[in-house]
Amino acid sequence: MEKNNIYGKYRPTLEKIMQDLSDQITAYNNEEKKRMGVSVYEHLTARIKTESSMAEKCRRRNLPETPESALAVLYDAIGIRIVCNFIDDIYRNLHHIKKFENCSVVMEKDYIKQAKDNGYRSYHLILEVTAPYEDVLGNNPGKFFVEIQLRTIAMDSWASLEHQMKYKKTVRNQTLIVSELKRLADELASCDISMQTIRDLIERS
Ligand code: 0O2
């Protein structure tokens, strides 16, 4: 399999699944805006994992670099990131997403309640989406996996910064940077809690 063709003929289908699910999320947000006057999230981004990044992940997991590995064994070919103003909004989004009739949750990781050792925080959800397209195993309607990451703006900024460091080949003062990043992650987590508390006080008053 060519490196630049790991999704094979399924690439356009992945784009459709990603768009349809993004539309479903946007739709409940629009409903909430009408009902409550505020959005449930600040912004949403969606991406198909790059071919090279997916091929690298297959190699790391000792999987053949094929559409079957990319779409039936690994779960993050399609990724949607929902960035929220407040921690509670993350759980509000989860509540809405879990009600989608065409989706079931196959995995959940709450890196907010249990942050990674480096300070990474986010809520990860793997959805299995049933859609009227042929999947890599030949089923139609097919089943497609989507990774949804939910985080606050603070968690998102931190992850971008940490990502920059991780993917630089050589970083001077790495030990210092790693420990500063951990300290920063904890400070931002504390700010997120304060933001939520103040919002609750304003809403109750
Ligand atoms: P991209 O380009 O964002 O997709 P994996 O790490 O993927 O082999 P697993 O269990 O699938 O293993 O991953 P996990 O822990 O659920 O996290 C997957 C994604 O979460 C990563 O995707 C990142 O987007 C994000 N993530 C997880 N841990 C960290 C972290 O410590 N720092 C940052 N900045 N992001 C993290 P990819 O595949 O790295 O890349």
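One-based numbering, in listed order, for ligands and for the atoms of each. Bear in mind that the values here come from a model prediction, so they are computed numbers and not experimental data. Any value given below was found using the heavy atoms of this structure, including those in side chains, with hydrogens, waters and symmetry copies removed.
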request  = Ignoring angles and geometry beyond distance, decide whether R61 reaches within less than 3.5 Å of ligand 1 through its nitrogen or oxygen atoms.
outcome  = yes
message = Looking only at protein heavy atoms, which one is nearest to atom 39 (O) of ligand 1, and what is the separation?
response = Y167 OH, 3.6 Å
key: A159: numbered ligand 1 atoms lying under 4.0 Å from its heavy atoms   = 34 (N)
query = When you measure from atom 18 (C) of ligand 1 to every protein heavy atom, which one gives the shortest distance, and what is it?
reply = E147 OE2, 3.8 Å
query = What residue and atom, counting heavy atoms only, is the protein's closest point to atom 35 (N) of ligand 1, and at what distance?
reply = Y120 CE1, 3.3 Å
ask   = Looking only at distance, does R47 have an N or O less than 3.5 Å from an N or O of ligand 1?
value = yes
Close side-chain approach of I90 and I112, heavy atoms under 4.5 Å = yes
Nearest non-hydrogen protein atom, atom 17 (O) of ligand 1 = H124 CE1, 3.4 Å
ask   = Going by atom types alone, do T66 and S69 pair a side-chain donor with an acceptor below 3.5 Å?
value = yes
request  = Kindly indicate whether the side chain of F144, heavy atoms from C-beta on, has any atom under 4.5 Å from the side chain of L127.
outcome  = no
key: Per-atom contacts, ligand 1 versus R60 - under 4.0 Å to a heavy atom   = 8 (O)
note = If you scan protein heavy atoms around atom 10 (O) of ligand 1, the nearest is K109 NZ, 2.7 Å
inquiry  = Can you report which non-hydrogen protein atom sits closest to atom 32 (N) of ligand 1, along with the distance?
reply    = E162 OE1, 2.7 Å
inquiry  = I'd like to check which ligand 1 atoms, numbered from 1 as shown, lie under 4.0 Å from a non-hydrogen atom of Y111.
reply    = 14 (P), 15 (O), 16 (O)
note = On a heavy-atom basis, the closest approach of N118 and W158 is O-CZ2, 3.3 Å
ask   = Which atoms of ligand 1 sit under 4.0 Å from any heavy atom of K166?
value = 30 (C), 31 (O), 32 (N)
ask   = Just checking, any donor-acceptor pair under 3.5 angstrom between side chains of N102 and T130?
value = no
ask   = So, is the end of the K109 side chain (NZ or CZ) under 6.0 Å from the ring centre of Y123 and within 45° of the ring's axis?
value = no
Shortest protein contact, atom 37 (P) of ligand 1 (heavy atom only) = K49 NZ, 3.8 Å
key: Proximity of N118 to ligand 1 by residue part, where a heavy atom lies under 4.0 Å   = side chain
task = Compare all side-chain heavy atoms of E162 with those of Y120 and state whether any distance is below 4.5 angstrom.
result = no
query = Of all residues at least two apart in sequence or in a different chain, which pass the side chain to side chain contact (heavy atoms under 4.5 Å, CB included) check with A115?
reply = R121
ask   = Relative to ligand 1, is R81 under 4.0 angstrom through side chain, backbone, both or neither, heavy atoms considered?
value = side chain
query = Looking only at side chains, do R172 and Q174 share a donor and an acceptor under 3.5 Å apart?
reply = no
Selection from M54, K116, E56, K57 by shortest heavy-atom distance to atom 11 (O) of ligand 1 = K57
inquiry  = Is any side-chain heavy atom of I6 closer than 4.5 Å to one of C58?
reply    = yes
remark   = The protein heavy atom nearest to atom 21 (C) of ligand 1 is Q149 NE2, 4.2 Å
request  = Please determine if W158 has a nitrogen or oxygen closer than 3.5 Å to a nitrogen or oxygen of ligand 1.
outcome  = no
query = Strictly by modelled atom types, are Y133 and D20 linked by a side-chain donor-acceptor pair under 3.5 Å?
reply = yes
